[in-house]
Amino acid sequence: MSTQTQTAAEIAADLFDHYRAQDVPAMVAMFKPEGIVEYVPFALAGPVEQVGPGSWGVLIDSFPNLSNSIHSITGDASGRKAWIDVDISGTQAKEAFGVPSKGHAYNLRHLFVLDTDENGKITHMTAFWDNVDWYRQLGKETID
């Protein structure tokens, strides 16, 4: 039997609370030091200390009203894996990830998959979204 005090679903809810509060250090602290963040549409993956603050910080800086709204969180029977169906939204105020700011807002559905360890730390987070739709909503006219 696991000694984990929180399920992955509960950990996911906490992570997105911190994300909504734009508290990047709290988000990073939820991961094992060697935990991996993987953004499939950007073909970007790496240790949380490298990928997390850079990507989250750029989003928060470029979309000052960045927020999220969770549709559902589904955990597996072990309590160590969760799937999060969430909308992430914001209004662009600065260039981000090669997308010049036109002041457009976006609201984009994402799927996150979290894996956690027996100590309640995130070991791997994978995110999926429709990057073409994101670009379209922001007014980007080409896909590089």
| task | Show your working on side chain to side chain contact (heavy atoms under 4.5 Å, CB included) between Phe128 and His110 and close with a plain yes or no. | result | CA-CA 6 Å; Phe128 304 88; His110 289 63; over 6 Å; no
| message | Quick one, Tyr106 and Gln92 - any side-chain contact, counting heavy atoms below 4.5 Å? | response | no
| message | Between Leu138 and Phe97, is there a side-chain heavy-atom distance shorter than 4.5 Å? | response | no
| request: Please round to the nearest 0.5 Å and tell me the distance separating atom CG of Asp17 and atom CE of Met30. | output: 9.0 Å
| said: Taking the ring of Phe112 and the ring of Phe16, is the distance between their centroids below 6.0 Å? | reply: yes
| Verdict with reasoning, Glu34 to Val48, per side chain to side chain contact (heavy atoms under 4.5 Å, CB included) | CA-CA 7 Å; Glu34 64 274 15; Val48 65; over 6 Å; no
| request: Would you check if Met125 and Tyr39 make a side-chain contact, meaning some heavy-atom pair closer than 4.5 Å? | output: yes
| CZ-OG distance between Arg109 and Ser89, expressed to the nearest 0.5 angstrom | 13.0 Å
| query | With hydrophobic residues grouped by side-chain heavy-atom distances under 4.5 Å, do Ile60 and Phe63 end up in a single group? | reply | yes
| Connected via hydrophobic side-chain network under 4.5 Å: Tyr19 and Leu111 | no
| message | Going by side-chain contact (heavy atoms from CB on, under 4.5 Å), Trp83 matches just one of Leu114, Thr126, Asp76. Which one? | response | Asp76
| query | Does the side chain of His71 come under 3.5 Å of the side chain of Asp87 through a donor N or O and an acceptor N or O? | reply | yes
| Among Lys81, Lys32, Arg80, whose salt bridge (Lys or Arg N to Asp or Glu O under 4.0 Å) with Asp117 holds? | Lys32
| Between Gln137 (side chain) and Trp134 (backbone), is there a donor-acceptor pair under 3.5 Å? | no
| note | Between Ser101 and Gly103, the two heavy atoms sitting closest are OG-N, 3.3 Å
| request: Answer yes when Lys102 and Glu141 have at least one side-chain N-carboxylate O distance shorter than 4.0 Å, and no when they do not. | output: yes
| said: Parallel, tilted or perpendicular, judged at 30° and 60°: which one describes the rings of Trp129 and Phe42? | reply: perpendicular
| Taking all atoms of both residues into account, what is the closest heavy-atom pair of Ile11 and Gly120, and its distance? | CD1-O, 3.3 Å
| Side-chain contact, heavy-atom cut-off 4.5 Å: Glu38 with His124? | yes
| said: Could you tell me if the side chain of Pro53 sits less than 4.5 Å from the side chain of Val28, heavy atoms only? | reply: yes
| Same cluster (ILVMFWY, side-chain, under 4.5 Å), Val40 and Ile88 | no
| So which heavy atom on Ala45 is nearest to which on Val51, and how close? | C-CG2, 3.9 Å
| Which heavy-atom pair separates Ser62 from Glu95 by the least distance, and what is that distance? | OG-O, 3.0 Å
| query | So, do Ile122 and Asp115 sit near enough that their side-chain heavy atoms are less than 4.5 Å apart? | reply | no
| message | Please determine whether residues Leu15 and Leu59 belong to a single hydrophobic cluster, defined as Ile, Leu, Val, Met, Phe, Trp and Tyr linked transitively by side-chain heavy-atom distances below 4.5 Å. | response | yes
| query | Are the side chain of Asn65 and the backbone N or O of Thr91 linked by a donor-acceptor pair below 3.5 Å? | reply | yes
| remark: Rounded to the nearest 0.5 angstrom, the CD-OG1 distance for Glu118 and Thr5 is 11.5 Å
| query | With a 4.5 Å heavy-atom cut-off, do Tyr135 and Thr142 have their side chains touching? | reply | no
| request: Locate the shortest heavy-atom distance separating Ile36 from Pro47; write the atom from each residue and the value. | output: CD1-N, 3.9 Å
| task | Report yes or no: does Lys121 contribute a side-chain atom to a donor-acceptor pair with the main-chain N or O of Ala29 at less than 3.5 Å? | result | yes
| request: Report yes or no: do Val113 and Val86 belong to one cluster of Ile/Leu/Val/Met/Phe/Trp/Tyr joined by side chain heavy-atom distances under 4.5 Å? | output: no
| said: Donor-acceptor pair, distance only, cut-off 3.5 Å: does the side chain of Gln22 make one with the backbone of Pro64? | reply: yes
| message | Give me the atom names and distance for the closest heavy-atom approach of Val99 to Lys140. | response | CG2-CD, 3.6 Å
| Atom CG of Asn107 and atom CG of Asp133: how far apart are they, to the nearest 0.5 Å? | 9.5 Å
| task | Answer yes or no: is there a side-chain heavy-atom contact under 4.5 Å between Ile70 and Arg20? | result | yes
